[in-house]
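Each chain gets a letter, A, B and so on, in the order the sequences are listed, and its residues count up from 1.
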2 protein chains.
Amino acid sequence: MPTQNTRLETFLEQCRQQIDAELEHRFSTSDTGPARLQEAMRYSVLGGGKRIRPALCMAAAAAVGQPKNKAIVPACALELIHAYSLIHDDLPAMDDDELRRGRATTHIAFDEATAILAGDALQTMAFGWLAEAPGVDDQVRLAMIRELALASGHQGMVGGQAIDLESVGRSLTIDQLEKMHRHKTGALIAASVRVGALTAPDVSQDQLTALTTYSQTLGLAFQVQDDLLDIEGDTTVIGKPQGSDLARAKPTYPSLLGSAGARNYLAQLLDSSLSSLDGFGREGDMLRDMAGYVVARTH
Amino acid sequence: MPTQNTRLETFLEQCRQQIDAELEHRFSTSDTGPARLQEAMRYSVLGGGKRIRPALCMAAAAAVGQPKNKAIVPACALELIHAYSLIHDDLPAMDDDELRRGRATTHIAFDEATAILAGDALQTMAFGWLAEAPGVDDQVRLAMIRELALASGHQGMVGGQAIDLESVGRSLTIDQLEKMHRHKTGALIAASVRVGALTAPDVSQDQLTALTTYSQTLGLAFQVQDDLLDIEGDTTVIGKPQGSDLARAKPTYPSLLGSAGARNYLAQLLDSSLSSLDGFGREGDMLRDMAGYVVARTH
């Protein structure tokens, strides 16, 4: 019997390969538009990445008794939204980052105009793919589109980015910091799990509620760990300059709670994330493993 | 009996009022997200504009025998996409425009980061609204979402903007210029008409094909007239500096065909746009009037 760690590694590697293959296939066979734009889109989407959101989406499908492959296209759509948000966040007018996942950011590798357009087009593509997601009916496709729109727009991810920009150089309370992260990263992580669960035509409201609690708590844990990695990690491992939040006077969990306080909070979040899955049997194991992975990751 | 001109003016004014009221209502009652972001979104969407795409959408609904009000929400979604594209097109890294519709562009009135995010969030909102469009069934909502995704992404509007950026300072053939405009402005105009027609559950493939020809020809006519206005119009009327295409060495119809040649081409496009409506009776009159309006407009 594989250890928990091996089991998760196998699952993550399988998801990553399936997602990368599906993305590669779709980028190779579709009418591609102008070459440079297409190249920038490929660069941003196919340039690696841990595919955590797709894996959460597929693990959530498994948790509600569906074959995880049923969630591949929705999972790819979530990754497109994630990739678009990274391109735009990295722009000079935003976070002004030149390095991402150990490579030049899109506006550095191409140019700023192409980066803006590539992000725009990836967002559009995500909705187009959901509207044609195979193996689910029209009602489910629309429910997924609504989830994604709510989670990624002004009430979700983009709203969180706006709060983040306003908060640079200001002191935030822990509640304000939490609100920012719930929007900026939490909403899309929660949507990843909920979209995966929607692949089950008979998913119950109770299941969705439990999975929402799981994923919102997990999203916060993800951010706390991100903040800890920023002050403790190594540039070559985390793929961006270590200490970059600090240099920009961004409020973080360690800066508000101290390192030990942040670690303690992380452990609480993990506990509460796991207990929200109590109603799920063995089919929820991948989600449980993912929670452990998110807080233990080193990059 | 009203003259053709009065009839069209009444229709356009009605559409404009209905669209503005619907947009105002939706922006006032939804959970709004961060204040500054929300303000930038409102500024960009509610700051006037001729609402040509919404009017085309509503006129197309009428052309297939539907009450034009059935198309209000889809028409608003098209306007959100149009507004987002203007915000991003005006950015310093793109066209670097400071004036639009006689007002400061969004990144001037706010800041660049807020403008990028406002555009992003407006795109998301458009898909969210289509996914909940009232009075049409799930299948129609999805068909509309697919239309919009195809027309506004890398194979449509965003692709056209990428071609446009690549073509600044280069000499284009008339075919290349046409390809650029078919993507950049034509695709969304065609989608406006097709989305309006989709409000009829029984719309035929023949009707959609005729309307596509109508709207693609109209889209080109719109662009030829835009180019002519740029060299002949007045800054205070057209709301942007006159001659700005020329100053940027952008290829235009008048620069390739001469003013007289461009006017001649415009007349041909109008003719062919109108003949594509031959299969429609009186219910197609608003589309006919719109075609006349587009080529005669002075701003």
Side-chain angles (χ1 to χ4, degrees), chain A residues 30-38 40-41 81 84-85 88 91-95 107 111-132 137-139 141-146 148-150 152-163 165-166 183, chain B residues 30-38 40-41 81 84-85 88 91-94 107 111-132 137-139 141-146 148-163 165-166 183:
Chain A
S30 73
D31 172 4
T32 55
R36 188 173 168 81
L37 175 64
Q38 170 75 3
M41 292 166 73
I81 293 285
Y84 121 67
S85 77
H88 283 192
L91 286 168
M94 310 269 274
D95 288 355
H107 67 278
D111 58 82
E112 219 180 307
T114 303
I116 294 169
L117 293 175
D120 288 345
L122 289 173
Q123 176 174 187
T124 320
M125 198 180 244
F127 287 104
W129 286 5
L130 281 184
E132 295 184 340
D137 69 19
D138 285 352
Q139 207 182 340
R141 289 167 171 166
L142 282 171
M144 289 175 170
I145 289 168
R146 287 184 205 114
L148 194 66
L150 199 62
S152 66
H154 66 293
Q155 294 161 299
M157 184 184 76
V158 171
Q161 179 67 5
I163 301 174
L165 286 169
E166 283 174 11
H183 287 79
Chain B
S30 73
D31 172 4
T32 54
R36 189 173 168 82
L37 174 64
Q38 169 74 5
M41 292 166 74
I81 293 286
Y84 121 68
S85 77
H88 283 191
L91 286 169
M94 310 270 275
H107 66 278
D111 58 83
E112 221 180 306
T114 303
I116 295 169
L117 293 175
D120 289 344
L122 289 173
Q123 175 174 189
T124 320
M125 199 180 243
F127 287 105
W129 286 5
L130 282 183
E132 295 184 338
D137 69 19
D138 285 352
Q139 208 183 340
R141 289 169 171 164
L142 282 170
M144 290 175 171
I145 288 168
R146 286 183 204 114
L148 193 66
L150 200 62
S152 66
H154 67 292
Q155 294 161 298
M157 184 183 76
V158 171
Q161 179 68 7
I163 301 173
L165 286 170
E166 283 174 10
H183 287 79

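- Nearest heavy atom pair, residue B/Ser152 against residue A/Thr124, reads OG-CG2, 3.3 Å.
- Counting heavy-atom pairs under 4.5 Å between each of B/Ser85, B/Ala149, B/Ala131 and chain A puts B/Ala131 at the top.
- Applying the side chain to side chain donor-acceptor pair (under 3.5 Å) rule to B/Asp138 yields the partners B/Arg141; only residues at least two apart in sequence or on another chain are considered.
- B/His88 and A/His88 have perpendicular rings, their planes meeting at more than 60° on a 0 to 90° scale where under 30° would count as parallel.
- Put simply, CG on B/Leu117 and NE2 on A/His154 are 12.5 Å apart, with the number rounded to the nearest 0.5 Å.
- A/Ala115 meets the side-chain contact (heavy atoms from CB on, under 4.5 Å) test with A/Ile87, A/Leu91, A/Thr106, A/His107; sequence neighbours excluded.
- Minimum heavy-atom separation, B/Tyr84 to A/Asp120: OH-CB, 3.3 Å.
- Atom CD of B/Glu132 sits about 9.0 Å away from atom CG of A/Leu142, to the nearest 0.5 Å.
- Shortest non-hydrogen contact noted between A/Ala93 and B/Ala113 is O-CB, 3.3 Å.
- Minimum interatomic distance between B/Leu37 and A/Gly159 (heavy atoms only, all atoms of both residues): CD2-CA, 3.9 Å.
- Rounding to the nearest 0.5 Å gives a distance of 14.0 Å between CD1 of B/Ile163 and CZ of A/Arg36.
- Your options are B/Gln139, B/Arg146, B/Glu112, and the one with the most heavy-atom pairs under 4.5 Å with chain A is B/Arg146.
- With a 4.5 angstrom heavy-atom cutoff, A/Leu165 touches chain B only via side-chain atoms.
- The minimum heavy-atom distance between A/Ala121 and B/Val158, with the atom names listed, is CB-CG1, 3.9 Å.
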